[in-house]
2 protein chains.
Amino acid sequence: MKVLVADDHAIVRKGLKQILLDEYPFGEIEECANAEELLQKANNGKWDVIISDISMPGRSGLEALHQIRLSHPRLPVLILSMHPEEQYAIRALKAGASGYCSKDLAHEELVNAVRRVLTGKKYITPTLAESLATQLEEEKQPEPYKRLSDREFDVFKLLSAGKSVSEIADNLSLSTTTISTYRARILVKMNFKTNADLIRYALENKLI
Amino acid sequence: MKVLVADDHAIVRKGLKQILLDEYPFGEIEECANAEELLQKANNGKWDVIISDISMPGRSGLEALHQIRLSHPRLPVLILSMHPEEQYAIRALKAGASGYCSKDLAHEELVNAVRRVLTGKKYITPTLAESLATQLEEEKQPEPYKRLSDREFDVFKLLSAGKSVSEIADNLSLSTTTISTYRARILVKMNFKTNADLIRYALENKLI
DNA sequence: TTGTTTTGTAGTATAAAGTCTACAATTACG
DNA sequence: CGTAATTGTAGACTTTATACTACAAAACAA
């Protein structure tokens with residue numbers, strides 16, 4: 001049982017490792033603290049499963065997932081997230097994640113998730129499964145909001161956390177006008193007029 | 001060595017526990033998953049230190065901290081947070097926390113923090129310490145939530161409803177710079193940094 | 001496979017917001 | 001009652017944000 005664990009929080013890594021070791025006493029669990037490390041280690045080991053946080057500094061977990069999908073198409077990747085939120089889950093699953101579970105999962109449930117993805121099945125954290133199902137159903141109906149691209153979503157998150165355009169530009173190493181462009185596209189797609197709408201939306205949907 | 005650990009994420013609790021057990025093999029580490037449990041357990045045990053997440057469902061970690069301060073004035077409480085944010089840290093320390101550390105702390109550093117608060121000293125996560133120090137030094141920040149004047153409150157309401165400075169100026173028939181001045185005063189008085197903070201506050205307190 | 005839309009990125013010019021400063025009117029405080 | 005702090009208001013100047021435009025690369029559709 002060889003597991004690669006990626007999360008920027010040392011405490012979370014330690015917790016995961018412990019939970020996994022409790023279940024698989026002879027398992028080999030290795031940690032990475034960021035996406036680069038994750039990619040590197042993913043390539044030079046034959047893991048049974050990868051468990052990765054969705055949001056990490058630098059290149060995000062999603063991007064890493066993308067890469068891994070290219071080089072190891074069948075390697076199960078379980079995405080962990082702080083946010084039991086559809087937005088994130090859908091994105092993760094679209095990027096080829098085998099499962100999505102929130103960090104407030106009881107550890108039995110985590111073990112469960114790992115077991116499922118090992119057998120090639122998908123796992124979705126219970127609190128989400130239901131609302132996700134309805135949402136996918138609704139997707140057939142005329143949808144008021146167009147889906148944001150990944151980059152747009154990055155910007156969306158930062159904006160709704162109250163970051164300014166220039167802070168975001170800094171953070172993502174892009175020009176401020178680029179961020180403005182993203183912002184404008186986000187507003188159009190989501191039918192908002194101001195950042196305040198955006199923040200309100202994010203708060204009401206517990207995205208932040 | 002008796003430690004009470006509170007966090008709504010099972011994984012984080014597990015990680016903390018493990019880190020502490022590595023350091024104090026004969027320690028007695030107990031977990032709570034929410035603020036109620038924390039308060040209850042805090043009262044019926046004689047702990048050496050409490051480590052608690054700042055944001056948990058139900059009553060927040062801060063509120064719990066407040067309670068604990070009343071009944072156990074000398075018991076060290078170390079606040080953990082996902083956000084290495086001044087806003088949170090200041091609030092935590094004002095509420096009587098012995099320390100504030102972000103969850104991305106390396107575990108040696110966490111152990112360090114625990115050691116410090118055990119000896120009655122304060123601990124602040126390194127990434128924050130500096131900016132916090134300068135901020136406190138500047139003494140620019142008056143007490144939070146100072147009363148707003150009537151005019152300021154008018155502006156506050158409009159801002160938190162997402163109106164722009166120029167809209168407000170229009171609305172109140174004042175110059176835009178006047179509104180900017182009010183806004184600046186509001187931010188200082190309420191210890192906010194951005195409009196986003198303001199909107200968040202308004203939403204959380206059901207002011208809009 | 002080719003044409004079309006979407007996405008990622010940015011420049012230029014303009015509009016808006018923010019900072020710093022100021023000052024009279026009002027209010028609170030010793 | 002007199003002095004210090006707060007409030008209402010705004011100008012000048014600096015920094016940021018936004019609209020409009022553009023274009024290559026990628027994704028998608030026919």
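This one's a predicted model, so the numbers in the text were calculated from it and none came from an experiment. Labels below follow one simple rule: chain letters A, B, ... track the order of the sequence lines, proteins then strands, and each chain is numbered from 1.
- One can place CD1 of Ile168(B) at 14 Å from P of dA10(D), the figure rounded to the nearest angstrom.
- Look at Thr178(B) and you won't find any side-chain N or O under 4.0 angstrom from OP1 or OP2 of dT9(D).
- Between the side chains of Asp22(A) and Gln18(A), at least one donor N or O lies within less than 3.5 Å of an accepting N or O.
- In terms of position on DNA chain C, the residue among Asn195(B) and Asp150(A) whose nearest nucleotide sits closer to the 5' end is Asp150(A).
- Remark: Leu159(A) CG to Phe153(A) CZ distance equals 12.0 Å, nearest 0.5 Å.
- Distance NZ (Lys193(B)) to P (dG18(C)): 15 Å, rounded to an integer number of Å.
- Proximity note for Arg151(A) (side chain, C-beta onward) versus dT18(D), dG18(C), dG8(C): the nearest is dG8(C).
- Contact annotation for Ser164(B): backbone-only contact, meaning every heavy-atom pair under 4.0 Å involves sugar-phosphate atoms and none involves a base.
- The separation between Asp170(B) atom CG and dA16(C) atom P is 10 Å, rounded to whole Å.
- For Ile186(A) and dA17(D), the CD1 to P distance is 14 Å, given to the nearest whole Å.
- Using a 4.0 Å heavy-atom distance criterion, Thr177(B) is classed as a base contact.
- In this structure, the CG atom of Leu174(B) is 10 Å from the P atom of dG8(D), given to the nearest Å.
- You'll find that the side chain of Tyr182(B) is closest to dT9(D), out of dT9(D), dA10(C), dA17(D).
- Summarising the geometry, atom CD1 belonging to Ile19(B) is positioned 13.5 Å from atom NZ belonging to Lys17(B); distances are rounded to the nearest 0.5 Å.
- Using a 4.0 Å cut-off, some side-chain N or O of Arg183(A) falls inside it from OP1 or OP2 of dT18(D).
- The side chain of Ser166(B) lies closest to dA16(C), out of dA10(C), dA16(C), dG18(C).
- In this structure, Leu159(B) atom CG and dG18(C) atom C1' are separated by 13 Å, rounded to whole Å.
- Among the nucleotides dA10(D), dT7(D), dG18(C), the one closest to any side-chain atom of Glu152(B) is dT7(D).
- In the displayed structure, Lys121(A) atom NZ is contacted under 6.0 Å by at most 12 heavy atoms of other residues, nucleotides or ligands.
- Between Ser149(A) and dG8(C) there is a side-chain polar atom (N or O) within less than 4.0 angstrom of OP1 or OP2.
- When distances run from any side-chain atom of Ser180(B) to the nucleotides dG11(C), dA17(C), dT16(D), the shortest one goes to dA17(C).
- There is no side-chain donor-acceptor pair under 3.5 Å between Tyr201(A) and Ser160(A).
- Exactly one of Val49(A), Asp48(A), Leu118(A), Leu16(A) qualifies for a side-chain contact (heavy atoms from CB on, under 4.5 Å) with Val3(A). That residue is Val49(A).
- A straight line from NZ of Lys189(B) to P of dA5(D) spans 15 Å, rounded to a whole angstrom.
- The phosphate of dT16(D) (OP1 or OP2) has no side-chain N or O of Lys163(A) nearer than 4.0 angstrom.
- Here the C1' atom of nucleotide dT9(C) and the CD1 atom of Ile179(A) are 10 Å apart, to the nearest Å.
- Base contact: Arg185(B) has a heavy atom under 4.0 Å from a base atom.
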